[in-house]
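The structure appears right after this line, and notes come after that.
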Amino acid sequence: MAVLRQSDPPSSGSVDPGIGDLLKGLLEFNNAMGSPFAINPYFAYRNDPRPETLAFCLLQPNSGRVDSGSKIKYTNMFDAQLDAIRSALNSMGFNGVEIVIAETGWPYKGDINEVGASLENAKTYNGNLITYLRSMVGTPLMSGKSVDTYLFALYDEDQKPGPTSERSFGLFKTDLSSIYDIGLSKTSQQATPSIPKTAPVTSSAPKPKNDGWCVPKEGVTDAQLQENLDYACGQGIYCTPIQPGGACFDPITVAAHATYAMNLLYQTTEKTPWNCDFSQTATLTSTNPTRERDRDLQLLIPVANLTKTKPLVGPPPPPVAAPPYRSSGKEAFSKVFRSWASKKFISGCVILFPIAVTFYITRSFILFMDFFSPVYDHLGINVIGASVLGLGEWIIRKMPFVSYIYSASKQISSAISPDESSKAFKEVAIVRHPRIGEYTFGFITSTVVLHKSSGDEELCCVYVPTNHLYLGDILLINSKDVLKPNLSVREGIEIVISGGTSVPKLIRVVDFQAMPTARINTFDT
């Protein structure tokens with residue numbers, strides 16, 4: 001499904017209004033969960049088969065395209081498409097949602113009318129893309145990091161309908177042999193020579209061990225060499241030596257500087273032929289290129305830690321200290337965990353804020369009333385305090401939801417109150433529960449008469465605490481089945497709170513006495 005209504009220039013990227021609401025809901029989910037937004041960059045070259053567009057799509061040296069809005073110069077289609085999506089997400093307010101490339105690739109063959117679908121172009125695109133992602137340069141709007149990218153595809157989808165290109169994106173055959181090698185297979189990685197250390201800039205510098213050097217072809221114009229220079233240094237290679245004052249600044253010619261940058265980029269990659277293509281303006285040679293003025297001072301060969309300084313030309317990448325391969329799994333987990341923790345923390349603050357304000361105001365009110373308590377005691381007007389408490393209770397009972405909790409907790413508090421005048425638990429009871437042969441402690445709260453066709457039955461309402469005095473079950477038990485021990489309500493409460501450790505060694509059961517009629521309720525069946 002196409003997401004963007006407008007993608008050129010990248011700064012004007014905007015979402016198709018027909019799917020705006022749907023996409024907003026999806027992005028809200030991504031933002032809440034800390035998950036990335038997955039996209040599939042479109043194989044755009046077949047709609048614009050100009051020669052300069054091919055180099056732009058294959059991440060090869062080209063003159064680039066300037067964004068009329070942001071004035072940013074883009075040198076490849078990959079960056080332009082990513083930044084168009086980034087602009088669209090930012091315009092919707094989802095700046096924090098990361099982007100991941102769910103699939104990208106290039107067909108190695110196609111129908112006669114499918115321009116650009118060739119084995120060489122597929123090797124060039126995938127090879128250059130891997131090199132570009134490893135450089136950690138990033139796009140102009142997302143600099144300094146490599147977007148998680150998945151190559152399409154491992155194998156051909158041979159049953160897929162449509163033109164031939166739809167069935168020609170695979171890297172491997174079903175027998176596990178590669179259709180073309182882009183340096184990802186184990187054998188090709190083992191065969192790749194290791195990158196040497198930087199050789200000191202002296203006449204006695206050791207000769208690098210490699211399969212050749214990448215140099216410009218004869219007759220290439222300075223304009224094309226400048227494009228190659230901009231492109232190579234823009235990939236994050238170590239271009240400081242050709243800056244003013246650098247060891248390789250002389251001779252001050254575009255050809256010399258471009259030779260250095262092109263060879264440096266080739267040596268730091270997989271050393272595959274397509275990494276020394278530069279739109280067919282470069283070639284491999286077995287002769288080490290030397291300076292025109294001093295043949296003893298050789299050009300530097302690429303080394304480790306190539307991204308410590310900014311290049312002379314091209315879009316300057318920020319310093320990157322990360323290794324070529326990063327642990328995307330750890331970064332993704334860390335990002336999701338931080339997002340989850342921050343949302344939980346904010347949610348907790350939102351919940352606790354009104355509670356804290358209520359506690360503070362209540363505490364201040366009580367302290368204010370306590371300030372005048374000596375005056376109340378001296379004048380004998382404690383009725384004012386009782387009136388204030390009564391007013392506060394009336395306000396609480398008017399609050400939705402809170403009134404139910406307050407009423408229930410107040411009734412339980414009154415039930416266990418030591419004040420004999422309160423409507424406390426009436427008596428301690430022992431009942432058979434939960435099965436015959438087992439007994440449990442409870443508290444008789446009231447009695448009720450059950451009218452049945454066979455006659456009336458007097459039942460006791462017994463409150464049986466479970467794991468806490470304030471939580472329990474309410475049982476209706478025939479009064480004849482209720483045992484009344486010689487324990488007071490206070491002793492019964494102590495037994496529950498102590499977890500049974502305060503049970504007397506001897507308990508006597510007294511005869512059950514029916515409660516006064518005024519305390520007996522009735523209901524019919």
Side-chain angles (χ1 to χ4, degrees), residues 10 41-66 72-83 101 104-108 110 115-135 137-140 146 149 151 180-183 213-237 239 254-255 257-284 302 311 313-315 317:
Y42 181 66
F43 179 43
Y45 175 65
R46 59 186 176 189
N47 292 334
D48 186 11
R50 293 175 295 173
E52 59 270 23
T53 303
L54 180 61
F56 187 70
C57 293
L58 294 177
L59 289 86
Q60 291 180 322
N62 60 89
S63 58
R65 300 179 182 181
V66 178
I72 295 175
K73 183 178 181 179
Y74 286 89
T75 59
N76 62 79
M77 180 69 76
F78 186 80
D79 280 355
Q81 289 181 323
L82 276 180
D83 279 0
I101 306 298
T104 183
W106 197 283
Y108 62 85
V115 182
S118 68
L119 183 65
E120 188 64 29
N121 287 343
K123 291 171 58 178
T124 301
Y125 175 76
N126 287 318
N128 286 347
L129 178 62
I130 292 173
T131 301
Y132 177 68
L133 294 173
R134 286 176 175 173
S135 72
V137 174
T139 73
S146 178
T149 303
L151 291 181
Y180 58 92
D181 186 13
I182 56 174
W213 289 265
C214 181
V215 297
K217 291 181 179 179
E218 294 291 337
V220 179
T221 64
D222 285 350
Q224 182 61 57
L225 290 175
Q226 184 63 51
E227 288 185 5
N228 294 351
L229 177 61
D230 293 347
Y231 172 80
C233 288
Q235 303 307 303
I237 61 175
C239 288
V254 176
H257 290 179
T259 301
Y260 168 89
M262 293 163 62
N263 181 57
L264 186 57
L265 180 62
Y266 168 74
Q267 300 291 342
T268 57
T269 56
E270 302 294 338
K271 292 187 178 180
T272 50
W274 57 83
N275 286 327
C276 185
D277 181 84
F278 292 93
S279 298
Q280 300 181 358
T281 62
T283 186
L284 289 173
V313 290

What are the two closest non-hydrogen atoms of [X] and [Y], and how far apart are they?
| X | Y | value |
| --- | --- | --- |
| Leu229 | Ala261 | CD1-CB, 3.6 Å |
| Thr124 | Gln60 | CG2-NE2, 3.3 Å |
| Ser279 | Pro61 | OG-O, 3.1 Å |
| Ser63 | Lys73 | O-CE, 2.8 Å |
| Ala282 | Met262 | CB-CE, 3.4 Å |
| Gln280 | Lys217 | O-NZ, 3.4 Å |

Regarding Asn263 and Gln267, is there a side-chain donor-to-acceptor distance under 3.5 Å anywhere? yes
Assess, by modelled atom type and distance only, whether the side chains of Thr53 and Arg65 contain a donor and an acceptor separated by less than 3.5 Å. yes
Test Leu151 against Ile130 for side-chain contact (heavy atoms from CB on, under 4.5 Å), laying out the working first. CA-CA 9 Å; Leu151 291 181; Ile130 292 173; 4.1 Å; yes
How long is the gap from [atom1] on [X] to [atom2] on [Y], to the nearest 0.5 Å?
| X | Y | atom1 | atom2 | result |
| --- | --- | --- | --- | --- |
| Leu284 | Cys276 | CG | SG | 4.0 Å |
| Leu129 | Thr104 | CG | OG1 | 6.0 Å |
| Leu59 | Met77 | CG | CE | 10.5 Å |
| Gln226 | His257 | CD | NE2 | 10.0 Å |
| Leu264 | Cys233 | CG | SG | 8.0 Å |
| Phe278 | Tyr231 | CZ | OH | 7.0 Å |

Can you name the side chain to side chain donor-acceptor pair (under 3.5 Å) partners of [X], sequence neighbours left out?
| X | result |
| --- | --- |
| Asn62 | none |
| Thr149 | none |
| Ser118 | Asn121 |
| Asn128 | none |

Yes or no on side-chain hydrogen bond (donor to acceptor under 3.5 Å, both in side chains) for Thr75 and Asp230, after CA distance, side-chain angles and deciding distance? CA-CA 9 Å; Thr75 59; Asp230 293 347; over 6 Å; no
Checking side-chain contact (heavy atoms from CB on, under 4.5 Å) for the pair Val215/Tyr260: CA distance, chi angles, key distance, verdict? CA-CA 8 Å; Val215 297; Tyr260 168 89; over 6 Å; no
I'd like to know whether Leu225 forms a side-chain contact (heavy atoms from CB on, under 4.5 Å) with Thr221, so could you lay out the CA-CA distance, the side-chain angles of the two residues, the decisive distance to 0.1 Å, and finally the verdict. CA-CA 6 Å; Leu225 290 175; Thr221 64; over 6 Å; no
With sequence neighbours excluded, tell me which residues meet side chain to side chain contact (heavy atoms under 4.5 Å, CB included) with Pro140. Ile72, Tyr74, Asp79, Asp83
Tyr125 meets the ring-ring contact (aromatic ring centres under 6.0 Å, His included) criterion, sequence neighbours left out, with Trp106
Can you find a heavy atom in the side chain of Asn76 that is under 4.5 Å from one in the side chain of Cys57? no
